[in-house]
Every structure is written in C-alpha cells, then in structure tokens.
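Side-chain atoms are counted along with the backbone in the values below, which use heavy atoms only and exclude waters and symmetry mates.
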Amino acid sequence: MKKLALTVLYCCWLGSLVAAYQYGDYVRVNEDSLSVINSGSLTLNFISNISVWDTMIVQVTDAAGGVRSNTMAIAGQTVDIGTYLQGDSLKFFLSGQPGTTINSHFWASGWDSAARDYEYLHFGGNYGQWGQFYTSSIFQLEGSSAPFGQPLPGLIPTLLLSGVGISLTFIRKKTAA
C-alpha cells in the first residue's frame, strides 16, 4: 500500500516536472523580425553595451496583420519589452543621441548543444542620415508564460494519474475489508 502511494506521488511529481520545462522557446529568428511561437512576457538581457541608446521601440505585427508600436526606456542592460501572443512578429528599433535605426536585422550565434538552441541573439540596424551608420547588439531572451490560455500540457496527465492512484487505493481498502 505504501509503495503504491509513493509511486503515485512520484508520478505526479515527475509529471509536473515535465510540464515545467516545456516552455523554453519563445521566438523564432527571421532575418528582419522575431516571430513569437509561445505567448508570454519577454525580457531582453543585453550582453553588449547599449548605453548610447535612450529608448527601444518594438513594432508588433499581430496574426491578423494589425501593427502597433511599444516604446520602452532603456535603463541598464535589461529591457522588459512586454507580453506578446503566439503569431506576433516583432521588430526592434533603437533611438537616442546617435539617431534612430531605420531597419531591423536579426541573427543568432553560439550554438548550445545541450539546449539544442542558440545562446545569443543579435539585433542590428542602420541609422543616421541616409542610414550610413550601423549598430548591432547582442542579447539573450528570457520569457515567462502568459497567465492566460490553455493549462500546461503536463497538468492533465498529472491529474489523471492522481485520480487513478486514489481510486486504486479506495478499491484496495474495500476489497481488503
């Protein structure tokens, strides 16, 4: 009886562990934009120095084709760019004393074999009169799942395993009595 209870608890714990690690990737890198593949709140942690820039403008094109812009102040090396939905396309523009970037380019570097993904993302753009100057920045992206939408995929199996375990416990008690 104790073995069954411990097994059920272990399965529940294992199921919740699997669910917790299924939301690692938030964007796909395109040449001129980032495509959001999992809804969530996104934060950019810049590796390169971005102190000459005052603001970051994120141009968002949603799945229906609507376009909007969000402007964030740059204070330090971390910029919380907000919450985005699956299907959104993001372009970045920097603005500050040197001018405002007029285009947006993205690429990735630093293959991490264990994570099977790139470690760094790069953003670059032209600025200045006629776009004769170019800037690029290196950053890592962090995300957290949006607090709405479907439950975690591991939640349903965890609940099913818990229900089966409890049912088996009661059935055994009845047959033993």
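- Cluster partners of I138, by chain and number: I47, Y120. The rule joins Ile, Leu, Val, Met, Phe, Trp and Tyr whenever side-chain heavy atoms lie under 4.5 Å apart.
- A search for side-chain hydrogen bond (donor to acceptor under 3.5 Å, both in side chains) contacts involving S35 returns N30, not counting sequence neighbours.
- Residues L42 and L141 meet the side-chain proximity criterion, which asks for heavy atoms closer than 4.5 Å.
- Under a hydrophobic-cluster definition in which Ile, Leu, Val, Met, Phe, Trp and Tyr are linked whenever side-chain heavy atoms come within less than 4.5 Å, directly or via other members, F133 and L94 are assigned to the same cluster.
- Every residue two or more places apart in sequence or in another chain that forms a side chain to side chain contact (heavy atoms under 4.5 Å, CB included) with S69 is listed here: I57, Q59.
- Ring centroids of W53 and F46 are separated by 6.0 Å or more, keeping the two rings apart.
- Between the CG atom of L44 and the CZ atom of F123 there is a distance of 10.0 Å, given to the nearest 0.5 Å.
- Contact of the F92 side chain with the I81 side chain is registered, since non-hydrogen atoms from C-beta on lie closer than 4.5 Å.
- Applying the ring pair (Phe, Tyr, Trp, His ring centres under 6.0 Å) test to pairs two or more places apart or on separate chains, none has a residue in residues 57-76.
- Counting heavy atoms from C-beta outward, Q97 and V52 have side chains that stay 4.5 Å or more apart.
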Checking S104 against D32 for the side-chain contact (heavy atoms from CB on, under 4.5 Å) test, could you report, in this order, the C-alpha distance in whole Å, the side-chain angles of both residues, the deciding distance, and whether it holds? CA-CA 5 Å; S104 188; D32 66 342; 5.6 Å; no
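- Under the rule for a side chain to side chain contact (heavy atoms under 4.5 Å, CB included), the partners of W107 that lie at least two apart in sequence or sit in another chain are H105, H122, Y134, S136.
- For T55, the side-chain hydrogen bond (donor to acceptor under 3.5 Å, both in side chains) criterion is met by no residue, not counting sequence neighbours.
- Rounding to the nearest 0.5 Å places OG1 of T61 at 8.5 Å from CG of L90.
- S95 places no side-chain N or O within donor-acceptor distance of the main-chain N or O of T100, the cut-off being under 3.5 Å.
- V67 forms part of no hydrophobic cluster, judged by ILVMFWY side-chain heavy-atom separations under 4.5 Å.
- Separation of atoms OG (S41) and CD (E142) is listed at 10.0 Å; rounding is to 0.5 Å.
- Note on V60: it clusters hydrophobically with V27, by side-chain heavy-atom contacts below 4.5 Å among ILVMFWY residues.
- Partners of T78 according to the side-chain hydrogen bond (donor to acceptor under 3.5 Å, both in side chains) rule, which considers only residues two or more places apart in sequence or in another chain, are N45.
- T101 places no side-chain N or O within 3.5 Å of a backbone atom of Y127 that could act as its donor or acceptor partner.
- In this structure S89 satisfies the side-chain hydrogen bond (donor to acceptor under 3.5 Å, both in side chains) test together with S33, sequence neighbours excluded.
- With sequence neighbours excluded, no residue forms a side chain to side chain contact (heavy atoms under 4.5 Å, CB included) with A63.
- Nearest heavy-atom pair across M72 and V79 is CB-CG1, 4.1 Å.
- Summarising the geometry of I74 relative to I50, their closest heavy-atom pair is CG2-CD1, 3.4 Å, with the distance given to 0.1 Å.
- Distance check: T71 OG1 to D54 CG gives 12.0 Å after rounding to the nearest 0.5 Å.
- Residue pairs meeting the ring pair (Phe, Tyr, Trp, His ring centres under 6.0 Å) criterion with at least one member in residues 58-81: none, sequence neighbours excluded.
- A search for side chain to side chain contact (heavy atoms under 4.5 Å, CB included) contacts involving V29 returns L34, F106, L121, not counting sequence neighbours.
- With hydrogens and angles disregarded, no donor-acceptor distance shorter than 3.5 Å links the side chain of N70 to the backbone of V58.
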